[in-house]
Amino acid sequence: MTNPNLMLIPEMLVPRLGEHLVKQGHISDDDLKKALAYQQERKTSGNILLIGQTLLELNIVSKDLLDRAITEQILQLRSALQDTNRNLEQHVLERTAELQNALEKLSDLSELKTNFISNISHELRTPLTVIKGYLDLLVTESLGGINEEQKEAVEISRQATIRLESLVEDLIMVSISSRGELTLNRKIIDIRPIAHLAVEAVSNKAEDREVSVVEVLDEVLPTIHADKQKLTWVLGQLLDNGIKFTPAGGRVELRIEQEGEKLISIIVSDTGIGIPVGRLNELFRPFHQLDNAASRRYGGMGLGLLLVQQIVEAHGSMLDINSVEGRGTTIKFPLLAASEIKE
Ligand SMILES: Nc1ncnc2c1ncn2[C@@H]1O[C@H](COP(=O)(O)OP(=O)(O)OP(=O)(O)O)[C@@H](O)[C@H]1O
Ligand SMILES: [Mg+2]
């Protein structure tokens, strides 16, 4: 049998019904006191009654009046809830607007930074071209003869200018890609001559550092659909890192092989210092080098790999990096054979 004391009744929904009835003038203070005393009495004999039930039992209120009072109170509660909801919505709207504002400020700042990098790089490019032009004329003695010592000084300045030029080009590329404007000029190309060129371009540097650079290319490779200039740059950057982070006597390898019918794999590996476990995610932070910034043992701006990643991803591929500290690093990415590209 159901215990009537445990039955669900509307009165359970409203708090302090007795006080409400007094406030509304439906019962007096004395009526309420009388009912509370009776309620207590019933409780000691094992019957738990709510105040409304008690008032009803004592005939102080009618069933109708009680229902009306409970309904009134539920309506009041509902309207209070609606008010709270409205306030909450307003609060959420205000907070969202504040966050939107903060986001806009942040993106303004980031745009300012990108524009700053972009403007400054373009401004640096013009005078650099002039300097390099004159150094070229001097070193080839087009402006008159110079002695060996002078020639060496001019040649060193020319090399430094070339390095500066490539830094400025990197900065320009960073600003372009951080504005999401990195566009590819894709054509059907043969990767083999590009690989030769990239290896040739770093051979002097490798020789200076006593690091050997070898290329291992499959005899026949399918053509690919890629941006020749940017891909050459990517190979150059990966080889440059390999040479830079490999001590004298070490070896850097550029391997390109066919994988199945549809893919080629480009793999640049070195026997260098490697990358500590757990620091792979730092490789793509702009202007960041793993080496302690204060010691700056290795030159560079910490931009190369970020741009390599952006260019490789723009080609629909991704970098796979494997490295063992003290043993060396291997960076690999696949490219689709041109016959597989559907345009
Ligand atoms: N082959 C590698 N072996 C060991 N560490 C590497 C290698 N390649 C990259 N790194 C680490 O990742 C960092 C970022 O490389 P990234 O090419 O972006 O910058 P960088 O070579 O220092 O400067 P930049 O390329 O702008 O001249 C490097 O400073 C180095 O700490
Ligand atoms: Mg680099």
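Read the numbers this way: they start at 1 and go in the same order the structure lists the ligands and their atoms. Values below: every heavy atom of this structure, side chains too, minus hydrogens, waters and symmetry copies. Along the sequence shown, residues are numbered consecutively beginning with 1.
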**Message:** Evaluate K151 against E141 for salt bridge (Lys or Arg N to Asp or Glu O under 4.0 Å), listing each step before the verdict.
**Reply:** CA-CA 9 Å; K151 209 176 203 172; E141 299 191 29; 3.1 Å; yes
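- Here the shortest heavy-atom distance to atom 23 (O) of ligand 1, taken over G302, P286, S323, belongs to G302.
- Listed by atom number, the atoms of ligand 1 under 4.0 Å from Q237 heavy atoms are 25 (O).
- The pair E41-K43 does not meet the salt-bridge criterion, since no charged nitrogen lies less than 4.0 angstrom from a carboxylate oxygen.
- Ionic pairing of E259 and K332 is present here: one or more N-O contacts between side-chain nitrogen and carboxylate oxygen are shorter than 4.0 angstrom.
- Contacts classified as ring-ring contact (aromatic ring centres under 6.0 Å, His included) and involving residues 243-262 (residues at least two apart or in different chains) are given here: F245-Y298.
- With ligand atoms numbered from 1 in the order given, ligand 1 contributes 23 (O), 24 (P), 26 (O), 27 (O) to contacts under 4.0 Å with heavy atoms of M301.
- Among all protein heavy atoms, the one lying closest to atom 22 (O) of ligand 1 is Q289 NE2, 2.5 Å.
- Ion pair D136/R158 flagged as a salt bridge, since at least one NZ, NE, NH1 or NH2 atom sits closer than 4.0 Å to an Asp/Glu carboxylate oxygen.
- For G274, the heavy-atom gap to ligand 1 drops under 4.0 angstrom.
- The part of D270 lying near ligand 1 is the side chain, judged by heavy-atom distances below 4.0 Å.
- In terms of protein heavy atoms, atom 11 (C) of ligand 1 is closest to L283 CD2, 3.7 Å.
- Ligand 1 has at least one atom lying under 4.0 Å from a heavy atom of K244.
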**Request:** Evaluate side-chain contact (heavy atoms from CB on, under 4.5 Å) for L231 paired with I191, printing each intermediate quantity in order.
**Result:** CA-CA 9 Å; L231 192 59; I191 183 106; 3.5 Å; yes
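- A donor and an acceptor atom, one from each side chain of S323 and T329, are located under 3.5 Å apart.
- Counting heavy atoms under 4.0 Å from ligand 1, residue L305 touches it through both backbone and side chain.
- Within the sub-2.8 Å shell of the Mg ion (ligand 2), the protein contributes these N/O/S atoms: N241 OD1.
- Heavy-atom contacts of G304 reach the following atoms of ligand 1: 16 (P), 17 (O), 18 (O), 24 (P), 25 (O), 26 (O) (cutoff under 4.0 Å).
- For the residue pair S28 / D31, a side-chain donor-acceptor distance below 3.5 Å is found, with atom types taken as modelled.
- Using a 4.0 Å cut-off between charged nitrogen and carboxylate oxygen, K63 and D67 count as a salt-bridge pair.
- With respect to the salt-bridge test (charged N to carboxylate O, under 4.0 angstrom), the residues E89 and R86 do not qualify.
- The closest protein non-hydrogen atom to atom 5 (N) of ligand 1 is I275 CG1, 3.6 Å.
- Contact annotation for L303 and ligand 1: heavy atoms of both the backbone and the side chain come within less than 4.0 Å of the ligand.
- Note on E169 versus R125: salt bridge recorded, some NZ/NE/NH1/NH2 to OD/OE distance being below 4.0 Å.
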**Message:** Checking M173 against K230 for the side-chain contact (heavy atoms from CB on, under 4.5 Å) test, could you report, in this order, the C-alpha distance in whole Å, the side-chain angles of both residues, the deciding distance, and whether it holds?
**Reply:** CA-CA 10 Å; M173 195 124 67; K230 295 208 171 65; 4.2 Å; yes
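- From the protein, the heavy atom lying nearest to atom 17 (O) of ligand 1 is N241 ND2, 2.8 Å.
- When hydrogens are left out, the protein atom nearest atom 10 (N) of ligand 1 is F245 CE1, 3.8 Å; that is the closest non-hydrogen contact.
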**Request:** Starting from the C-alpha separation in whole Å, work towards a yes-or-no answer on salt bridge (Lys or Arg N to Asp or Glu O under 4.0 Å) for K205 and D240.
**Result:** CA-CA 8 Å; K205 184 171 179 175; D240 182 75; 2.5 Å; yes
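- The protein atom (non-hydrogen) at minimum distance from atom 27 (O) of ligand 1 is G300 CA, 3.3 Å.
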